[in-house]
Amino acid sequence: FLFNGSTVQQVTTGTSDIQSNVQVSGTNIAWENRTGLVTKDIYLYNIGTRIANKIGSTLTDGSSNLVLSGSNAAWYSFDGNDMEVFFYDGTRARQITNNAVNELGIDLSGGNVSWSQHGGNGIFVYNGTSIGRVSARGGLSAISGDYITWHGWDGNDSEIFLAKLI
């Protein structure tokens, strides 16, 4: 539903059991729409046009960790082996990782996607073109503009780290 100060507008009108993980950024809303036991479709709704488009799907029995920034979205999904990162750039969705390690903790700012790998194997950033490793170790990351932060082990204890993307 959308509330404009006097009325509420219903955004979804399907027969799905569950819409979840709702995100809003600017004039866009994204959510997961459960279509089976573990299959969820990802939708992007533009408030101005009142049009919802399916932008991807995820195979996970938990959250896809869907994140939204403007008309860009990112999430992870099971690819048959492990969890991989997917990115929608406002036009098309594509898988941006393909390895044997689970990706976790996705965050998104504009066209920059950050995530960590299971087991503290590093902090990574996708800038719309390529993937770079920001740190060899670390936990969950957060990104805003050109800054990325994460927690990690410095050899003695857990610390917070910050990097500026170039």
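Everything quoted here is computed from the prediction, not taken from an experiment. Numbers for residues simply follow the sequence, beginning at 1. Basis for what follows: all heavy atoms, side chains included, without hydrogens, waters or symmetry-related copies.
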Examine [X] and [Y] and state if one hydrophobic cluster contains both, with Ile, Leu, Val, Met, Phe, Trp and Tyr joined whenever side-chain heavy atoms are less than 4.5 Å apart.
X	Y	value
I131	V125	no
L108	V134	no
Y126	V67	yes
I96	M83	yes
V11	Y43	yes

Within the 4.5 Å heavy-atom criterion, are [X] and [Y] side-chain neighbours or not?
X	Y	result
I42	E32	yes
W115	L140	no
I148	I123	yes
W75	F87	no
V22	I29	yes
Y147	L162	yes

Do the charged groups of R94 and D89 touch, with an N to O distance under 4.0 Å? yes
[X] and [Y]: side chain donor to acceptor below 3.5 Å:
X	Y	result
T58	S64	no
N28	S71	no
E103	Q117	yes

Go through the steps for N98 and D79 under the test side chain to side chain contact (heavy atoms under 4.5 Å, CB included), then give the verdict. CA-CA 8 Å; N98 187 13; D79 70 348; 3.8 Å; yes
What are the two closest non-hydrogen atoms of [X] and [Y], and how far apart are they?
X	Y	result
S69	G110	OG-N, 2.7 Å
A52	W31	CB-CH2, 4.1 Å
S116	G139	CB-O, 3.3 Å
A73	I55	CB-CD1, 3.9 Å
A100	D82	C-OD2, 3.2 Å
S57	K54	OG-CE, 3.4 Å

Residue of the set I106, V113, N112 for which side chain to side chain contact (heavy atoms under 4.5 Å, CB included) holds with I143: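 Exactly one option meets the side chain to side chain contact (heavy atoms under 4.5 Å, CB included) with I143, and it is N112.
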Between E84 (side chain) and N99 (backbone), is there a donor-acceptor pair under 3.5 Å?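 Here the side-chain-to-backbone pair exists.
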Between atom [atom1] of [X] and atom [atom2] of [Y], what is the distance when rounded to the nearest 0.5 Å?
X	Y	atom1	atom2	result
S141	L104	OG	CG	10.0 Å
L165	D146	CG	CG	6.0 Å
S20	K40	OG	NZ	5.0 Å

Taking the ring centre of each residue, are F86 and Y76 less than 6.0 Å apart?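 That pair fails the under 6.0 Å test.
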Would L66 and N21 satisfy side chain to side chain contact (heavy atoms under 4.5 Å, CB included), going step by step from the backbone distance to the final call? CA-CA 7 Å; L66 172 66; N21 200 7; 3.3 Å; yes
Parallel under 30°, tilted from 30 to 60°, perpendicular over 60°: which one fits the rings of W150 and F161?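 Ring orientation, 0 to 90° scale: parallel.
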May I have the step-by-step check of side chain to side chain contact (heavy atoms under 4.5 Å, CB included) for Y88 and L44, ending in yes or no? CA-CA 10 Å; Y88 177 78; L44 182 68; 3.7 Å; yes
